[in-house]
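Contents: one structure, followed by commentary.
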Amino acid sequence: MPAARESLLDAAYTALAHRPWSTVRMVDVAAVAGVSRQTLYNEFGSKEGLARALVRREADGYLAGVERALAAHADARERLVATAEWTTSAARGNALVRAMLTGCWSERLPSPTLSAVPSSSAVPAQRRADGPLPSPADFVALVRDRAVAALSGPGAMWGEVGELAGACELVVRLSLSCVAAPPGEGGVTELVRGALPRQWR
């Protein structure tokens, strides 16, 4: 029942925007989604299961945005700039993404353990949510590796994949620093352009 699952996750996300996770009630989430409380429990098992699924969905949404940013330009530098801009805007607009990228979980947010939890769910999406959740270091590696895959190939402007991986990781870490301490004029765009190897400018 994918439509009900998405409706429930949307309802949980909306509830979280208005009050701390500790005060979000399962019965209210189910009512807003237009399904029974039993359907909610059948889908997620518990409030912790709902939290894990919500965090997993927001993580997947962030990474899908990374893929779009990497595909948005032909120029390697502009692809990395777009990725950095997406990272900072996604974190600015979504408290769960910000927490996942920085590891700073406020008391208002659910803070599921990053390690896998035992799952007896018959729902494949929930079994996936019950698996390990990415840490900030995992996100750095995931984005770096996706950028390397998108930018490597014939006609590349770097000597070795290691050089490319280093530049991609630098961009990710710069964008995360801009999440924690927003830059002044020029923003993340100018920071990234200035930090890339000279031949990319």
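Count residues from 1 along the sequence.
Closest non-hydrogen pair, Val29 versus Leu50, comes out as CG1-CD2, 4.3 Å. Residues Ala165 and Val148 approach most closely at CA-CG2, 3.6 Å, considering heavy atoms. Here the closest non-hydrogen pair linking Arg56 and Pro134 is NH1-CD, 4.0 Å. Here the shortest heavy-atom pairing between Val172 and Arg144 reads CG2-N, 4.1 Å. The two residues Cys178 and Leu191 make their nearest non-hydrogen contact at SG-CD1, 3.5 Å. Of all heavy-atom pairs between Arg193 and Val81, the closest is CG-CG2, 3.7 Å.
Environment of CZ in Arg127: crowded, with over 12 heavy atoms of neighbouring residues, nucleotides or ligands closer than 6.0 Å. More than 12 heavy atoms of other residues, nucleotides or ligands lie within 6.0 Å of CZ in Arg19, so this atom counts as buried by the packing criterion. For Arg173, the CZ atom sits in a loose shell: 12 or fewer heavy atoms of surrounding residues, nucleotides or ligands are nearer than 6.0 Å.
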The test is side chain to side chain contact (heavy atoms under 4.5 Å, CB included); show your working for Thr14 and Val32 and say whether it passes.
CA-CA 9 Å; Thr14 300; Val32 169; 5.9 Å; no

Test Leu164 against Ser152 for side chain to side chain contact (heavy atoms under 4.5 Å, CB included), laying out the working first.
CA-CA 8 Å; Leu164 172 61; Ser152 57; 4.0 Å; yes

Apply side-chain hydrogen bond (donor to acceptor under 3.5 Å, both in side chains) to Gln126 and Arg5, showing your working.
CA-CA 10 Å; Gln126 188 58 37; Arg5 185 179 181 86; 2.9 Å; yes

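Linking Ile, Leu, Val, Met, Phe, Trp and Tyr residues whenever their side-chain heavy atoms come within less than 4.5 Å leaves Leu40 and Val123 in two separate clusters. Both Leu114 and Trp21 are assigned to one and the same hydrophobic cluster, defined by single-linkage of ILVMFWY side chains at heavy-atom distances under 4.5 Å. Both Leu142 and Met100 belong to a common hydrophobic cluster when Ile, Leu, Val, Met, Phe, Trp and Tyr are linked at side-chain heavy-atom distances under 4.5 angstrom. Transitive grouping of hydrophobic side chains (ILVMFWY, heavy atoms separated by less than 4.5 Å) keeps Val140 and Leu170 in distinct clusters.
To the nearest 0.5 Å, atoms OG1 (Thr189) and CG (Leu80) are separated by 12.0 Å. The structure places CZ of Arg52 at 4.0 Å from CG of Leu133, a figure rounded to the nearest 0.5 Å. Atom CG of residue Asp130 and atom OG of residue Ser120 lie 8.5 Å apart, to the nearest 0.5 angstrom.
Ion pairing of Arg37 with Asp28 is absent here, as no side-chain N (NZ or NE/NH1/NH2) approaches a carboxylate O to less than 4.0 Å. Ion pairing between Asp10 and Arg57 holds under the 4.0 Å rule for side-chain N and carboxylate O.
Looking only at distances, a side-chain donor or acceptor of Arg79 sits under 3.5 Å from a matching main-chain atom of His73.
Donor-acceptor pairing under 3.5 Å is lacking for the side chains of Thr39 and Asn42.
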Using atom types as modelled, flag every donor-acceptor pair under 3.5 Å from a side chain in residues 87-97 to any protein atom, sequence neighbours excluded.
| unit_1 | atom_1 | unit_2 | atom_2 | d |
| --- | --- | --- | --- | --- |
| Thr87 | OG1 | Tyr62 | OH | 2.8 |
| Thr87 | OG1 | Thr83 | O | 3.0 |
| Thr88 | OG1 | Ala84 | O | 3.3 |
| Thr88 | OG1 | Glu85 | O | 3.0 |
| Ser89 | OG | Glu85 | O | 3.2 |
| Ser89 | OG | Trp86 | O | 3.2 |
| Asn94 | OD1 | Leu96 | N | 2.9 |
| Asn94 | OD1 | Val97 | N | 3.1 |
| Asn94 | ND2 | Tyr13 | OH | 3.4 |
| Asn94 | ND2 | Glu58 | OE1 | 2.7 |

Give the table of side-chain donor-acceptor pairs shorter than 3.5 Å for residues 101-112, with sequence neighbours excluded, one pair per line with atom names and distance.
| unit_1 | atom_1 | unit_2 | atom_2 | d |
| --- | --- | --- | --- | --- |
| Thr102 | OG1 | Arg98 | O | 2.7 |
| Thr102 | OG1 | Cys104 | N | 3.2 |
| Ser106 | OG | Arg108 | N | 3.2 |

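Under the 4.5 Å side-chain criterion, counting only non-hydrogen atoms from C-beta, Val188 is not in contact with Leu174. Residues Ser175 and Val192 form no side-chain contact, since every pair of their non-hydrogen atoms from C-beta on lies 4.5 Å or further apart. Side-chain atoms of Leu63 and Val143, non-hydrogen and from C-beta on, do get closer than 4.5 Å to each other. Looking at heavy atoms from C-beta onward, Val171 lies out of side-chain contact with Cys168 at the 4.5 angstrom threshold.
The stretch residues 24-54 participates, sequence neighbours left out, in no ring pair (Phe, Tyr, Trp, His ring centres under 6.0 Å) pair at all.
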